[in-house]
Amino acid sequence: MDQTIASGQQRRNPASSTLKMSGELDLAAAPMLQEELEALFTTGAISIFVDLLDATFLDSTALGVLVNALNRCQELGGQLHLIVTDPQILRVLDITGLTDVFSVHSSSDELNPGKEDA
Amino acid sequence: MNAIVDSKRRTTEREVIEISIPSSVDLVVLARFTAATVGARAGFDLDEMDDLRLAVDELSISFGPLDGETCLRFEFLREDDTVTVRCTREPMARLSEVHESVERDVINWEQARELSEQLLNELVDAHGQEVTNGRSASWLRKRHCTSPR
C-alpha cells in the first residue's frame with residue numbers, strides 16, 4: 001500500500017513541526033513513521049502535529065510509534081497532536097483509550113500551532 | 001427465482017480460503033484484502049469488514065518480527081455469517097531472500113501486543129492463541145451482527 005510522508009516546521013515556531021502521513025499505517029509503515037518523527041525531534045521539535053487526514057488504516061504497531069512520540073513530546077514539555085477524521089482510526093484510538101491522551105483534532109483549521117506553543 | 005436460490009445457497013455454504021505470506025511486512029496487506037472479501041461474503045457491513053481487516057492484521061503482529069525463515073499461513077473459514085481466521089507461523093519450504101528486518105529494532109513489540117490485545121477484544125467475538133504440533137497459532141472469530149454498532 002502506498003504511503004506518502006511530508007514534514008515541515010512552523011516558521012513562527014521551530015519547536016512545532018508537522019508530519020503528514022497518508023495511506024495505510026501498518027507494520028510496513030511504522031519504521032518510516034518512527035524515522036520521520038525521530039528526524040523532527042533531532043531538529044528540536046517538542047510539539048508535533050501529525051496529519052492523518054489522508055491515512056486510511058492504523059494498526060497497533062504504528063499506534064505504538066505515535067504513543068512513544070507522545071511520551072517524548074510530553075517529557076520535553078510539548079504535545080503530540082493528531083489531525084484525524086477517518087472513523088476507523090478514531091475507533092482504534094477510542095478502543096485503546098487514547099482519544100483523550102492524544103490531542104485529537106478534526107482539521108488543521110482547529111488549531112494554530114504557531115500560537116499554541118509560542 | 002434461481003437468483004434467490006443461488007444467493008441463499010451461497011450464504012449458507014462453508015468456504016475455506018488459505019493464503020501463505022512470505023516474510024515480508026509489505027505482504028500482510030494481502031491478508032487484509034482477503035479478510036475484507038471473506039467478510040463481504042459473510043454479509044458483513046462496511047464497518048464490520050474494516051474491523052475484520054484490522055483484526056487480521058493484529059493476528060500477524062502477535063508473532064513479533066518476521067524473518068527470512070518463516071512464513072505466515074492464514075486460513076479463512078466462513079460458515080454462514082461467521083468468519084474464523086487462523087494464522088500460523090510456519091517454516092518456509094524454501095528460504096526466501098533475507099530482508100533486513102527494520103521493524104525488529106524499531107517496534108516496541110511488548111507495547112504493540114498490549115494494544116493488539118485491546119483491539120482484538122473489541123473487534124471480534126473471540127480470539128486466542130494456541131500451540132498445535134509445536135507450531136504457534138493465533139485465531140479469531142467474528143460473526144455478522146444485525147444490530148447497529
Side-chain angles (χ1 to χ4, degrees), chain A residues 1-5 19 21-42 52 55-72 74-75 80 82 84-102, chain B residues 21-33 35-36 45-67 72 87 99-124 127 138 148-149:
Chain A
M1 200 53 55
D2 288 341
Q3 279 106 27
T4 56
I5 300 169
L19 176 62
M21 301 291 297
S22 67
E24 301 207 317
L25 304 182
D26 58 4
L27 179 55
M32 284 186 284
L33 176 59
Q34 168 68 29
E35 194 177 310
E36 291 297 319
L37 288 165
E38 188 60 43
L40 293 178
F41 285 120
T42 303
L52 299 175
T56 56
F57 184 86
L58 180 73
D59 76 6
S60 60
T61 58
L63 180 58
V65 170
L66 291 175
V67 169
N68 291 339
L70 168 69
N71 291 337
R72 198 153 160 195
Q74 290 180 337
E75 283 169 13
L80 190 114
L82 298 180
V84 54
T85 54
D86 184 272
Q88 183 70 9
I89 295 179
L90 289 170
R91 180 158 156 76
V92 167
L93 296 174
D94 184 45
I95 290 171
T96 53
L98 292 169
T99 305
D100 296 329
V101 179
F102 286 107
Chain B
I21 297 175
S23 57
S24 170
V25 292
D26 296 339
L27 295 176
V28 176
V29 67
L30 294 175
R32 298 204 295 266
F33 282 138
D45 63 26
L46 290 176
D47 288 339
E48 289 172 321
M49 282 193 280
D50 277 345
D51 286 356
L52 185 62
R53 285 178 69 236
L54 177 57
V56 165
D57 182 275
E58 297 299 333
L59 277 192
S60 67
I61 289 163
S62 65
F63 295 106
L66 303 178
D67 57 42
L72 294 179
C87 178
H99 300 281
E100 273 192 49
S101 181
V102 179
E103 73 279 3
R104 181 188 300 272
D105 302 322
V106 169
I107 303 299
N108 179 338
W109 289 98
E110 190 179 334
Q111 178 192 48
R113 285 193 190 97
E114 282 177 21
L115 292 169
S116 231
E117 180 79 8
Q118 290 181 55
L119 290 169
L120 284 168
N121 286 344
E122 190 68 26
L123 296 171
V124 298
H127 69 96
S138 295
R149 186 152 79 189

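Throughout, protein chains are lettered first and strands after them, A, B, ... in sequence-line order, and every chain is numbered starting at 1. For clarity, every value in this text was computed on a predicted model and none was experimentally measured.
A donor-acceptor pair under 3.5 Å is formed between the side chain of A:Asp59 and the backbone N or O of A:Ala62.
In plain terms, the two heavy atoms of B:Pro22 and B:Leu27 that are nearest each other are CD-CD1, 3.7 Å.
Contact tally against chain B (heavy-atom pairs below 4.5 Å) for A:Asn68, A:Val67, A:Val65: the top residue is A:Asn68.
In this structure, the portion of B:Ile61 lying under 4.5 Å from any heavy atom of chain A is its side chain and not its backbone. For a residue to count as touching a neighbouring chain, one of its non-hydrogen atoms must lie under 4.5 Å from one of that chain's; by this rule B:Gln111 touches chain A with the side chain only.
The only option from B:Arg113, B:Glu117, B:Gln118 that meets the side-chain contact (heavy atoms from CB on, under 4.5 Å) definition with B:Leu115 turns out to be B:Gln118.
Salt-bridge formation is not detected for the pair B:Asp50/A:Arg91: no Lys NZ or Arg NE/NH1/NH2 atom is positioned less than 4.0 Å from an Asp or Glu carboxylate oxygen.
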